[in-house]
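Taking it in order: structure first as structure tokens, then the write-up.
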Amino acid sequence: ICELCNQDATFGAVKHRLPELLESGIFRWARFGVEDLRVWQEDPEEFLRRSFDDLATMQEPRAAAMEVVERLLRHRSDAVVMPLLHFCRKHLDAHSQNPTDPELSSSKDGALLILGYMVDELRRLDPSQPGKKKKAKAKSAGSGVSVEELLSRSVR
């Protein structure tokens, strides 16, 4: 999947299916799952080692999913930033409606993980950053997504 990010023809073929790719191909692995909970409870150090292992892409589905997000942002940021923000917002808003639901908490974790991978791109697009140019296509003022608002409501 990573290879489709930098090839125009293959990305063009899947671009219209990006929400489905996010939901079932990437997000299901980005979320904190039952296996993550088991490893965390048995050995928190092992959980952290796996989370920050640069070579984990070959073995850990979460690392592979996040590599896809990184590649999409690197090669197709104009096409994926806003859909990713909307996607994360949907899951963060759902969690804020019912914060005690474990399934929604797992989704919140996945949304925050994706936002964490988006940080450099979001800084680059932030007009308040000195010396940074904002891309013309990224100014979706009417999109209803404010990164500051999104994070202030979701990260406590």
Side-chain angles (χ1 to χ4, degrees), residues 1-6 10-11 14-15 17-126 128-130 132 138 140 143-156:
I1 294 178
C2 287
E3 292 305 314
L4 75 87
C5 299
N6 61 352
T10 52
F11 182 74
V14 297
K15 180 179 177 182
R17 311 255 337 208
L18 187 60
E20 293 171 53
L21 175 64
L22 287 171
E23 191 70 48
S24 41
I26 294 172
F27 195 63
R28 86 179 251 230
W29 298 111
R31 300 170 69 233
F32 188 85
V34 174
E35 176 64 15
D36 298 317
L37 179 61
R38 184 192 64 73
V39 173
W40 175 256
Q41 289 172 336
E42 290 176 5
D43 188 356
E45 288 181 23
E46 173 64 13
F47 177 81
L48 292 173
R49 186 193 64 73
R50 286 183 185 181
S51 297
F52 295 102
D53 183 1
D54 289 337
L55 302 174
T57 308
M58 300 296 186
Q59 302 161 344
E60 295 291 326
R62 176 179 286 123
M66 292 302 94
E67 183 178 354
V68 172
V69 171
E70 282 181 317
R71 295 254 188 118
L72 283 169
L73 288 166
R74 183 180 325 138
H75 298 290
R76 305 294 173 178
S77 64
D78 288 347
V80 300
V81 168
M82 292 312 293
L84 278 170
L85 281 175
H86 286 288
F87 180 82
C88 291
R89 180 181 184 172
K90 175 181 79 169
H91 288 285
L92 294 172
D93 287 346
H95 177 266
S96 70
Q97 297 299 314
N98 189 1
T100 59
D101 184 328
E103 188 72 19
L104 295 177
S105 295
S106 177
S107 294
K108 176 184 176 180
D109 177 71
L112 291 174
L113 181 63
I114 291 171
L115 285 170
Y117 275 80
M118 295 178 68
V119 135
D120 290 336
E121 185 66 18
L122 295 174
R123 280 190 193 135
R124 190 182 65 71
L125 295 174
D126 184 358
S128 68
Q129 293 290 319
K132 303 278 181 166
S140 299
S143 69
V145 176
S146 161
V147 177
E148 294 82 11
E149 177 188 344
L150 181 69
L151 291 176
S152 69
R153 288 185 297 150
S154 302
V155 180
R156 298 187 201 328

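Side chains included, hydrogens not; waters and symmetry mates left out as well; all remaining heavy atoms used. It should be emphasised that the depicted structure is a prediction, and the values quoted were computed from it without experimental measurement.
- More than 12 heavy atoms of other residues, nucleotides or ligands lie within 6.0 Å of CD in Glu42, so this atom counts as buried by the packing criterion.
- Residues Phe87 and Glu23 meet the side-chain proximity criterion, which asks for heavy atoms closer than 4.5 Å.
- Taking all atoms of both residues into account, the shortest heavy-atom contact from Pro83 to Leu18 is CB-CD2, 4.1 Å.
- Two residues are said to be in side-chain contact when any heavy atoms from C-beta on lie closer than 4.5 Å; Leu113 and Arg62 meet this criterion.
- Residues Pro99 and Ser96 share a closest heavy-atom pair of CD-O, 3.8 Å.
- With sequence neighbours left out, Glu35 forms a salt bridge (charged side-chain N to carboxylate O under 4.0 Å, His left out) with Arg38.
- Partners of Asp43 by side-chain hydrogen bond (donor to acceptor under 3.5 Å, both in side chains), not counting sequence neighbours: none found.
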Begin from the C-alpha positions of Ile26 and Met66 and carry the test side chain to side chain contact (heavy atoms under 4.5 Å, CB included) through to its verdict.
CA-CA 7 Å; Ile26 294 172; Met66 292 302 94; 4.0 Å; yes
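- A donor atom on one side chain and an acceptor atom on the other are found under 3.5 Å apart for Thr100 and Asn98.
- Between Val80 and Leu22, every side-chain heavy-atom pair lies at or beyond the 4.5 Å cut-off.
- When each of Phe47, Trp40, Phe27 is paired with Phe32, the ring pair (Phe, Tyr, Trp, His ring centres under 6.0 Å) condition holds for Phe47 and for no other.
- Applying the salt bridge (charged side-chain N to carboxylate O under 4.0 Å, His left out) criterion to Glu103, with sequence neighbours excluded, gives Arg31.
- The closest donor-acceptor contact from the side chain of Asp109 to the backbone of Ser106 lies at 3.5 Å or more, if one exists at all.
- Every residue meeting the salt bridge (charged side-chain N to carboxylate O under 4.0 Å, His left out) condition with Asp120, not counting sequence neighbours, appears here in chain and number order: Arg123.
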Side chain to side chain contact (heavy atoms under 4.5 Å, CB included) between Leu115 and Met118: does it pass, once the steps are laid out?
CA-CA 5 Å; Leu115 285 170; Met118 295 178 68; 4.1 Å; yes
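- How far CG of Leu125 is from CG of Leu85: 8.5 Å, rounded to the nearest 0.5 Å.
- To the nearest 0.5 Å, atom CG of residue Asp78 and atom CZ of residue Arg76 are 10.0 Å apart.
- Looking at residues two or more places apart in sequence or on another chain, you find no side-chain hydrogen bond (donor to acceptor under 3.5 Å, both in side chains) involving Ser24.
- With sequence neighbours excluded, no residue forms a salt bridge (charged side-chain N to carboxylate O under 4.0 Å, His left out) with Asp101.
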Can you check side chain to side chain contact (heavy atoms under 4.5 Å, CB included) on Leu84 and Leu73, steps first, answer last?
CA-CA 10 Å; Leu84 278 170; Leu73 288 166; 3.9 Å; yes
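- Ionic pairing of Arg71 and Glu67 is present here: one or more N-O contacts between side-chain nitrogen and carboxylate oxygen are shorter than 4.0 angstrom.
- Closest of all the heavy-atom pairs between Ile114 and Cys88 is CG2-SG, 3.7 Å.
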